Amino acid sequence: MSTTASSPAADGMYSKLIDDEGSYEFNRSPDVQHGDHPVSPVIVTPRLSGPRSYRLATICLTLLCGVLLITIIAITARYKNKPQGSGEATLELQKQDANNTALIASINKLQQENKQLQKDRDDLLAKLATKITTKAPHVIKPTPEATQAHIVCPVDWYLFNNSCYLISRHTRNWKGSQTYCQNQGAHLAIILTAEEQTFIWDLLPRGHWNAFWFGITDGENEDQWKWIDDAPVVGGFWEVGEPNNHINEDCGYIVKTQVLERVAVQSWFDAPCEMYLPFICEKEMNATSP
Ligand SMILES: [Ca+2]
Ligand SMILES: [Ca+2]
Ligand SMILES: [Ca+2]
């Protein structure tokens with residue numbers, strides 16, 4: 001006989017289980033008997049059953065599902081947002097890196113350009129210095145005064161107030177310089193005014209220590225300076241501290257250096273007459289002189 005077969009009696013038992021809320025005792029079925037001996041009633045261990053417990057379980061499960069759902073949503077949202085946030089941060093960092101790289105490249109480029117410009121400037125300054133140094137006095141252009149005057153100076157001589165001046169291309173000691181000038185019908189320059197001094201100064205090229213003999217000496221009597229024509233020197237355009245006869249210095253020269261602070265009216269020095277230097281000749285002219 002099969003125990004799984006449904007019968008009206010079993011259906012009745014099941015319905016009773018379902019319907020009798022809280023029931024935990026089965027009644028003896030009148031159909032279940034063994035012989036003539038009555039069967040003792042079956043005692044079943046009490047247990048919660050029925051719609052009430054199902055409802056409670058359903059509520060608990062629903063709550064659990066809700067909690068799980070909320071947790072899943074929260075976790076999903078968190079993990080969804082986190083990668084986005086970090087992705088944006090990464091993008092931002094990459095952007096900043098790119099900007100930094102571009103800035104560094106710009107700085108490097110500017111530094112290179114700056115270096116090149118400095119090199120160009122140095123080259124130009126060197127060229128300019130070379131030109132100034134190699135610019136011999138004889139190539140100095142005549143001043144407007146010379147071109148406007150009626151007096152015509154020889155080639156390489158420059159006119160100022162009826163005198164022509166030569167800045168020599170040669171070096172001589174002081175006496176040799178005077179001899180050279182005399183051979184040109186001239187003498188070492190006699191400079192009597194600030195205007196004449198400034199005119200001559202402007203003809204001189206700048207250099208490290210460009211010095212030019214002119215027509216004064218105290219060779220006869222120490223510290224009694226005379227012009228080449230024996231006239232006494234009055235005043236003059238001495239540098240501060242000069243003349244000082246530092247090493248038996250009896251002849252005068254004009255110094256024009258690269259130092260722009262040096263000025264025409266403070267440029268005379270006394271020096272040993274035997275030094276070989278370029279010099280300044282002066283030739284007095286008149287309107288009828290060739
Ligand atoms: Ca003069
Ligand atoms: Ca002296
Ligand atoms: Ca001196």
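Ligands are counted one by one from 1 in listed order, and the atoms in each one are counted from 1 as well. Any value given below was found using the heavy atoms of this structure, including those in side chains, with hydrogens, waters and symmetry copies removed. No experiment lies behind these values; they were computed from the predicted model shown.
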Which of the N/O/S atoms in Glu249 sits closest to the Ca ion (ligand 2)?
O
With a cut-off of 3.0 Å, does Asp223 place any N/O/S atom under that distance from the Ca ion (ligand 2)?
no
Residue that, paired with Phe279, satisfies ring pair (Phe, Tyr, Trp, His ring centres under 6.0 Å) out of Tyr253, Trp174, Tyr180
Tyr180
Suppose we only count N/O/S atoms under 3.0 Å; would Ile190 qualify as near the Ca ion (ligand 1)?
yes
Heavy-atom neighbours of His170 NE2 exceed 12 at 6.0 Å
yes
Asp270 near the Ca ion (ligand 2) via N/O/S, less than 3.0 Å:
no
Does the distance from a Lys or Arg side-chain N to an Asp or Glu carboxylate O, for Glu239 and Arg262, drop under 4.0 Å?
yes
Of all the atoms in Asn245, is at least one N, O or S atom closer to the Ca ion (ligand 2) than 3.0 Å?
yes
Answer whether the closest heavy-atom distance between the side chains of Gln266 and Val240 falls below 4.5 Å.
yes
In Glu196, the N/O/S atom nearest the Ca ion (ligand 1) carries the name OE2
Parallel, tilted or perpendicular for Trp268 and Phe214, by the 30°/60° rule?
tilted
In terms of heavy-atom contacts, does CD of Glu113 have more than 12 from other residues, nucleotides or ligands at under 6.0 Å?
yes
Asp250 OD1 to Asp218 OD1 via the Ca ion (ligand 2), rounded to 10°, gives 70°
What angle, in degrees and rounded to 10°, do you get at the Ca ion (ligand 3) when you join it to OE1 of Glu242 and to OD1 of Asn244?
90°
